[in-house]
Amino acid sequence: MSDVVRYEREGPVAVITVANPPVNALGQAVRQGLWDAADRFAEDDAQIALILGEGRLFIGGADISEFGKPPTRPFLPDTCTHIERSPKPVVAAVHGPALGGGCEVALGAHYRLAMKDARFGFPEVKLGLIPGAGGSQRMPRLTGVGPALDMMPAGGSVSAEEALRIGLVDRLGEGDDVRAAGLAYAQELLAAGAPVRPVGALPRPAYDAEAFEAARALWARKARGEVAPLRAIDAVDAATKMDLDQGVQEERRIFLELMETPQRAGLIHAFFNDRKVSKLPEIDGIAPRDVAQVGVIGGGTMGAGIATACLLSGLSVTLIERDDTAADKARQTITGNLDGAVKRGKLTEAQQEATLARLQTVTDYAALSDADLAIEAVFEDMGVKKEVFAQLDAVMKPGAILATNTSYLDIDAIAQSTSRAADVIGLHFFSPAHVMKLLEVVVPDATAPDVTATAFALAKRLGKVAVRAGVCDGFIGNRILATYRGAADRLILDGASPWEIDAAIKAFGLPMGPFEMGDLAGLDIGYMTRQRKAATRDPRDVVPTWADAMYHKGWLGQKTGQGYYTYDGRKGTPNEAVMPLIEEARGNRPQRGFTPEEIQRFYMAAMVNEAAKVVGEGIAQRPLDVDVTLLYGYGFPRWRGGPMHWADTVGLGGLLADIRLWADADPYFWQPAPLLERLVAEGRSFADLNTEAA
Ligand code: 3H9
């Protein structure tokens, strides 16, 4: 008997339980176990079989860690067909998620019962794949093509009720004991003399030209370089034209073709990184402090966004502002943010009212005496921040955590200015803070481990992805950003136009290029940053004097209708009036043309080189921390895995050779990262560093 698939008898019912924690993934042993269980059921005198998942879910899908390795028998499509071909009826009783291969096992059964907490979905496209064990062929035979076209290219899922409505399941189970509900259903089917009922034997779903056309148009637009969503539509299309066996073969052909793509490798790298990023030895086994009451200091866009995020996760928030007018304005901003959440269907109006009831806007720091955590989001100035921290230090209870949302200031210095440096940490949110997923947890030297653990627990509660960063100007993300923005400015001086650069970066897969991004954020932000750095700037630094000139003309981007683009609403067209300003900055510097590939290589090499410095200096602990940061905070395309994964894919040796070549002309900007040089010399990759750190 298999360790991971149990076979037991309950009278006439053969109970087949998948027990492969944590998510009952369909690794080789589980597939073999299911296969053998189906054989045993065919041979013994049980009259009906019931398939269950042990623990908190049915089956989380194929075992993703096997992907990229040679497939091993029995293959999942064959296993599902083997179950379907059982001479006696088979029931699947589903609780919790039945995803990907898990959904396909349920579709291999003849009858499906869903408990209230069940979810059925096909997330394969999020891994660069499509369903690969008959899902794209069997689901549309049950539901018609519409629901399959809604779900498969999007990687979506449906609730138990919705699954019943669209015909994916036959019955909703009562109570919360899936085994009892499944057994009762099996007995009922038996008593009714229910026959075997293979989904694969159902007629082909009708071809719906309009639905396919709409789905293809939608995903051609939305996929932005990702190939799997359109291929998922092709697989559903095959279901309308082929019998089951042929259709399953066609689906498998597409699945295996996608398995070989770098996109699949990038997306799976990202999947595992999402989980590895919060696994840090320094907080392993450390209990976080309790956080129920949060203080936010400063009610501007950032402070109000942070307050909104906290409120939405059920925390109580006390927001401190300078005076009543500012406090009222902050409340209005937060109310507006919550209105947006209501519009997006994330909150009902009644919930909005209850959420706002947990908000206090005040002007007196004394109101924070009970707070478990305070997050400061005031003006980026060390003097101002230290003043705020002195006030917090005076009023907050012992054991409370004092956090700053600074995006570049020295948090060690802020911590040392208080009497409780061990309780101070950086929580760097990204704007809009109630929407953006990234949270950089910036850990100064003196921070207590349970404060770091609390920051990671808070991020989870807020639905954010936390990355640990060390203290330096810009931490992980903004420091790397400053460098690749610098590369874009150098490209301009050497002859590329801002619009060519934006187009090349978008073609790489980012939602926006750097100049479009500047227009969106406001060109005053870049100007302020340059002003701040002016005193410490190296004379060899390139200063984009054209951007300063744009600032002085009041061309601040979208908000003034004019920047690198001129705007009619949010749609921009290149603002050619920028060119004379650029020409002036170029002076007599030699000019040349750049292909999109050259632009991408230059920009990405700058990103990777700085990232390697960030890892080498320990600001990021592992290359994967950089990948997660750029994915969640800077629009790096998920299907490319992240800049470090991309660098491994294209080869570190070639990148370093390019950097050395460019260093001949610009030795200041292109100083190779020592870590990159070391890895190339040792023939190792960033992935090797991730593995060693695990
Ligand atoms: C597929 O099925 C293809 C088929 O169509 C065709 C095949 C031929 N495999 O997320 P959690 C690990 S494609 C291996 O924290 P939760 C995860 O890394 C697959 N490992 O739990 C973590 O490990 P660790 C389609 C997996 O309760 C641990 O399990 N399926 C897999 O928050 C706990 O994970 C998917 O894409 C897996 N499939 O959420 C579903 N899944 O503890 C992907 C998880 O060492 N999975 N792990 O860090 C999920 O969405 C969530 O894990 C799930 C549970 C909702 C199931």
Side-chain angles (χ1 to χ4, degrees), residues 4 18 20-31 34-35 53-82 94-108 117-139 148 151-159 228 231-232 235-236 248-260 264-265 267-280 284 456 460-461 463 465 624 628 638 690-691 694:
V4 287
V18 178
N20 185 27
V23 299
N24 296 332
L26 294 155
Q28 193 278 335
V30 174
R31 299 194 301 274
L34 282 170
W35 187 285
E54 189 163 83
R56 58 201 162 88
L57 80 171
F58 182 67
I59 295 171
D63 185 341
I64 300 171
S65 63
E66 288 183 351
F67 291 171
K69 301 175 188 157
T72 48
R73 285 176 197 278
F75 304 138
L76 193 58
D78 301 338
T79 309
C80 293
T81 302
H82 191 56
V94 173
H95 73 300
L99 299 178
C103 203
E104 290 171 311
V105 168
L107 285 165
D117 67 345
R119 270 208 96 75
F120 297 83
F122 286 103
E124 285 87 345
V125 292
K126 294 184 179 160
L127 304 171
L129 295 166
I130 63 161
S136 67
Q137 307 303 299
R138 289 193 178 91
M139 178 175 167
M151 192 190 280
M152 289 174 195
S157 63
V158 292
S159 65
R231 302 298 277 142
V236 178
V248 169
Q249 272 176 36
E250 173 61 7
E251 178 200 70
R252 181 81 178 162
R253 197 184 61 72
I254 301 174
F255 178 84
L256 291 177
E257 176 193 305
L258 291 172
M259 189 62 91
E260 296 307 312
R264 190 275 306 156
L267 286 162
I268 287 181
H269 175 77
F271 174 87
F272 284 117
N273 283 353
D274 284 350
R275 286 150 182 88
K276 286 180 193 153
V277 70
S278 57
K279 292 202 170 85
L280 299 169
D284 190 24
F456 274 82
K460 194 164 184 198
R461 174 155 192 183
V465 179
L624 72 88
V628 173
R638 189 172 171 88
N690 286 332
T691 310

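Indexing begins at 1, ligand by ligand and atom by atom, following the structure's order. Starting from 1, each residue takes its place in the sequence as its number.
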Undergrad: Using modelled atom types only, decide if a donor and an acceptor are shared between the side chain of Glu124 and the backbone of Gly132 within a distance under 3.5 Å.
TA: no
Undergrad: Considering non-hydrogen atoms of the protein only, which is the closest contact for atom 30 (N) of ligand 1, and what is the distance?
TA: Gly60 O, 2.9 Å
Undergrad: Is Glu66 touching ligand 1 with its side chain, its backbone, both, or neither, if touching means heavy atoms under 4.0 Å apart?
TA: neither
Undergrad: Look at atom 24 (P) of ligand 1 and say which protein heavy atom is nearest, naming residue and atom and giving the distance to 0.1 Å.
TA: Lys279 NZ, 3.6 Å
Undergrad: Should Ile64 be counted as touching ligand 1, given the test is an N or O pair under 3.5 Å?
TA: yes
Undergrad: In terms of ring plane angle, is the pair Phe67 and Phe255 parallel, tilted or perpendicular, where the classes change at 30° and 60°?
TA: perpendicular
Undergrad: Is atom 36 (O) of ligand 1 near the protein, in the sense that some protein heavy atom lies at less than 4.0 Å from it?
TA: yes
Undergrad: Does a side-chain heavy-atom distance below 4.5 Å link Leu76 with Arg31?
TA: yes
Undergrad: For Phe255, take its heavy atoms, then give the atoms of ligand 1 lying under 4.0 Å from any of them.
TA: 6 (C), 7 (C), 8 (C)
Undergrad: If you have a sec, work out which protein heavy atom is nearest atom 6 (C) of ligand 1 and how many Å separate them, to one decimal?
TA: Gly132 N, 3.4 Å
Undergrad: Between Glu250 and Arg253 (salt bridge meaning N to carboxylate O under 4.0 Å), is one present in this structure?
TA: yes
Undergrad: Taking only heavy atoms of Pro123, which atoms of ligand 1 are found under 4.0 Å from at least one of them?
TA: 25 (C), 30 (N), 35 (C), 36 (O)
Undergrad: Is any N or O atom of Ala62, backbone or side chain, closer than 3.5 Å to an N or O atom of ligand 1?
TA: yes
Undergrad: For residues Arg264 and Ile268, determine if any side-chain heavy atom of one lies less than 4.5 Å from a side-chain heavy atom of the other.
TA: yes
Undergrad: Give the residue, atom name and distance (to 0.1 Å) of the protein heavy atom nearest atom 52 (O) of ligand 1.
TA: Arg275 NH2, 3.9 Å
Undergrad: Would a 4.0 Å cut-off, counted as strictly less than, catch a protein heavy atom around atom 3 (C) of ligand 1?
TA: yes
Undergrad: Are any of the N/O atoms on Ile130, whether in the backbone or the side chain, positioned under 3.5 angstrom from an N/O atom of ligand 1?
TA: no
Undergrad: Short list, please: which atoms of ligand 1 are under 4.0 Å from a heavy atom of Pro131?
TA: 5 (O)
Undergrad: Backbone N or O of Ala133 within a donor-acceptor pair of the Glu251 side chain at under 3.5 Å?
TA: yes
Undergrad: Taking the side chain as everything from C-beta on, heavy atoms only, tell me whether Ser136 gets closer than 4.5 Å to Met152.
TA: yes
Undergrad: What residue and heavy atom of the protein are closest to atom 29 (O) of ligand 1, and at what distance?
TA: Pro22 CG, 3.3 Å
Undergrad: Consider only side-chain N and O atoms of Gln28 and Thr72, and report whether a donor and an acceptor are under 3.5 Å apart.
TA: no
Undergrad: Within less than 4.0 angstrom of ligand 1, does Leu127 place any heavy atom?
TA: yes
Undergrad: Do Asn24 side-chain atoms and Phe58 backbone N/O form a donor-acceptor pair below 3.5 Å?
TA: yes
Undergrad: Considering heavy atoms of the protein only, find what lies nearest to atom 14 (C) of ligand 1 and give residue, atom and distance to 0.1 Å.
TA: Asp63 OD1, 3.3 Å
Undergrad: Under 4.0 Å from any heavy atom of Gly61, which atoms of ligand 1 are there?
TA: 2 (O)
Undergrad: Side chains of Phe122 and Met139: closer than 4.5 Å at any heavy-atom pair?
TA: yes
Undergrad: Could you tell me if the side chain of Phe272 sits less than 4.5 Å from the side chain of Ser65, heavy atoms only?
TA: yes
Undergrad: Ligand 1 versus Phe271, non-hydrogen atoms closer than 4.0 Å: side chain, backbone, both, neither?
TA: side chain
Undergrad: For atom 44 (C) of ligand 1, tell me which residue out of Val23, Ile268, Asp78, Leu267 has the closest non-hydrogen atom.
TA: Val23
Undergrad: Is there side-chain contact between Arg138 and Thr81, with at least one heavy-atom pair below 4.5 Å?
TA: yes
Undergrad: Is there a nitrogen or oxygen of Phe272 sitting under 3.5 Å from a nitrogen or oxygen of ligand 1?
TA: no
Undergrad: Which of the atoms in ligand 1, numbered in the order shown and given with their element, are less than 4.0 Å from a heavy-atom of Gly100?
TA: 2 (O)
Undergrad: Where the side chain of Asn690 meets the backbone of Leu624, is there a donor-acceptor pair that is under 3.5 Å apart?
TA: yes
Undergrad: Counting non-hydrogen protein atoms only, what is the nearest one to atom 5 (O) of ligand 1? Give residue, atom name and distance.
TA: Glu124 OE2, 2.5 Å
Undergrad: Please determine if Glu104 has a nitrogen or oxygen closer than 3.5 Å to a nitrogen or oxygen of ligand 1.
TA: yes
Undergrad: Can you tell me if Arg119 uses its side chain to pair, donor with acceptor, with the backbone of Ser157 under 3.5 Å?
TA: yes
Undergrad: Leu26 versus Glu104: any side-chain heavy-atom pair under 4.5 Å?
TA: no
Undergrad: Counting each atom of ligand 1 from 1 as listed, which ones have a heavy atom of Arg252 under 4.0 Å away?
TA: 8 (C)
Undergrad: Tell me the nearest of Leu99, Leu26, Thr79 to atom 50 (O) of ligand 1, using heavy-atom distances.
TA: Leu99
Undergrad: Taking it one step at a time, do Arg638 and Leu267 satisfy side-chain contact (heavy atoms from CB on, under 4.5 Å)?
TA: CA-CA 6 Å; Arg638 189 172 171 88; Leu267 286 162; 3.6 Å; yes
Undergrad: Could you tell me whether Gly101 and ligand 1 have an N or O pair separated by under 3.5 Å?
TA: yes
Undergrad: What protein heavy atom sits nearest atom 56 (C) of ligand 1, and how far off is it?
TA: Leu57 CD1, 3.9 Å
Undergrad: If you measure every N or O of Arg56 against every N or O of ligand 1, does any of those distances drop under 3.5 Å?
TA: yes
